Amino acid sequence: MKILKFLDDHLEEFICVVVLAAMTVVIFIQIIIRAISTFVTIPMAWTEEIGRYLFIYAVYIGAAYATHKRAHQKVDILPIMCGNTGKLILSLIGDVGVILFAAAMTVFSWQVVQNVAFVFVQKAPATKLNMGFAYAGPAIGMMLCTFRSLQNVVFHIKAYRAGRGASSQTEGGES
């Protein structure tokens, strides 16, 4: 159970740290190789390609992380003017909108991954990796966004039932 609790609390955070660290190392290697390229000719096209794919993963997993922490940008003047019931309704509308968008993106992204990875089998130019790995980033990130938005719906309903409403103390950052 401790492992599941850790994954629930830190999955996206852990993945983002690993991906950003790997991206930093790969880009650092590219910089060093470019600096010494006047002395030695080493082909390093793979560093730019891998760095780009890692960046895609960082963006989409980061979106899921922001969803988990309820830290997306929003205009909150209307919820401030509403009572607890109005805050709950507005929060649920926002969460359901994210669920619908992220679920649609997940379905369509997986269709693209299946086509690219298995049907038409595209390979990356420099690394010759199956492009399904690159296209899986948005699919995984949007799937996590859908899951985290569902968790947010449950959170908002529980907070409302507990009498706190969907107050600003429960939004964004650590709660």
Side-chain angles (χ1 to χ4, degrees), residues 3-31 33-34 43-76 90-157 166 170-175:
I3 293 173
L4 291 177
K5 174 79 170 129
F6 176 80
L7 288 176
D8 184 44
D9 292 342
H10 302 290
L11 176 66
E12 294 91 350
E13 185 177 7
F14 177 75
I15 294 171
C16 280
V17 166
V18 170
V19 167
L20 288 173
M23 186 175 71
T24 302
V25 168
V26 167
I27 301 226
F28 180 74
I29 290 170
Q30 182 181 31
I31 291 169
I33 296 301
R34 282 187 182 185
M44 294 298 288
W46 67 270
T47 56
E48 182 179 344
E49 197 170 274
I50 296 296
R52 186 179 320 121
Y53 300 153
L54 289 171
F55 181 72
I56 291 168
Y57 273 84
V59 167
Y60 283 97
I61 302 298
Y65 179 67
T67 302
H68 175 60
K69 295 297 182 182
R70 293 178 295 282
H72 282 291
Q73 295 293 323
K74 61 185 155 213
V75 178
D76 59 356
L90 290 171
S91 295
L92 291 178
I93 288 171
D95 289 336
V96 168
V98 171
I99 290 168
L100 292 174
F101 174 77
M105 285 289 293
T106 301
V107 169
F108 293 124
S109 296
W110 278 120
Q111 289 175 356
V112 169
V113 170
Q114 288 175 341
N115 285 333
V116 167
F118 304 114
V119 177
F120 301 111
V121 189
Q122 294 179 4
K123 301 285 184 181
T127 59
K128 304 299 181 214
L129 286 174
N130 189 317
M131 286 299 290
F133 292 115
Y135 285 105
I140 293 168
M142 290 293 106
M143 181 179 61
L144 286 170
C145 272
T146 304
F147 176 71
R148 294 306 187 176
S149 292
L150 287 169
Q151 282 184 323
N152 287 344
V153 166
V154 172
F155 170 81
H156 289 301
I157 292 171
T170 61
E171 296 295 317
E174 298 293 326
S175 44

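Numbering starts at 1 and runs along the sequence shown. Just so it is clear, the structure is predicted and the values come from calculations on it, not from any experiment.
- Every pair tested for salt bridge (charged side-chain N to carboxylate O under 4.0 Å, His left out) that includes a residue from residues 96-112 fails, sequence neighbours excluded, so the list is empty.
- F28 is linked by a side-chain contact (heavy atoms from CB on, under 4.5 Å) to I32, counting only residues two or more places apart in sequence or in another chain.
- For T127, the side chain to side chain donor-acceptor pair (under 3.5 Å) partners are E49, not counting sequence neighbours.
- Residues T47 and I31 form no side-chain contact, since every pair of their non-hydrogen atoms from C-beta on lies 4.5 Å or further apart.
- L144 and A64 get closest at one heavy-atom pair: CB-CB, 3.5 Å.
- Looking at M142 and W110, their side chains never come closer than 4.5 Å, going by heavy atoms from C-beta outward.
- Partners of N115 by side-chain contact (heavy atoms from CB on, under 4.5 Å), not counting sequence neighbours, listed by chain and number: V119, F120.
- Every residue two or more places apart in sequence or in another chain that forms a side-chain contact (heavy atoms from CB on, under 4.5 Å) with V19 is listed here: I15, L54, Y57, A58.
- When all heavy atoms of T24 and L20 are compared, the closest pair comes out as OG1-O, 2.7 Å.
- Sorted by first and then second residue, the side-chain hydrogen bond (donor to acceptor under 3.5 Å, both in side chains) pairs with a member in residues 130-152 read D8-R148, D8-Q151, E12-R148, H68-R148, R70-N152, R148-Q151; sequence neighbours excluded.
- Nearest heavy atoms, Y53 versus A124: OH-CB, 3.7 Å.
- Residues passing the ring-ring contact (aromatic ring centres under 6.0 Å, His included) test with F108, sequence neighbours excluded: none.
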- Just do the side-chain contact (heavy atoms from CB on, under 4.5 Å) check on I61 and L11 with the steps written out, would you? CA-CA 9 Å; I61 302 298; L11 176 66; over 6 Å; no
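- In terms of heavy-atom proximity, T67 sits nearest to C145 at OG1-SG, 3.5 Å.
- No close placement of the H10 and F14 rings is indicated, their centers lying 6.0 Å or farther apart.
- The stretch residues 92-108 participates, sequence neighbours left out, in no salt bridge (charged side-chain N to carboxylate O under 4.0 Å, His left out) pair at all.
- For I56 against A134, the heavy-atom pair with the smallest separation is CG2-O, 4.3 Å.
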Can you give me every donor-acceptor pair (side chain of residues 96-103, partner residue at least two apart or in another chain, under 3.5 Å) with its distance?
none

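- Take F55 and apply the side-chain contact (heavy atoms from CB on, under 4.5 Å) test, not counting sequence neighbours, and it matches M23, V59.
- Among residues two or more places apart in sequence or in another chain, the salt bridge (Lys or Arg N to Asp or Glu O under 4.0 Å) test is passed with K128 by none.
- Applying the salt bridge (charged side-chain N to carboxylate O under 4.0 Å, His left out) definition to pairs two or more places apart or across chains, those involving residues 50-60 are E48-R52.
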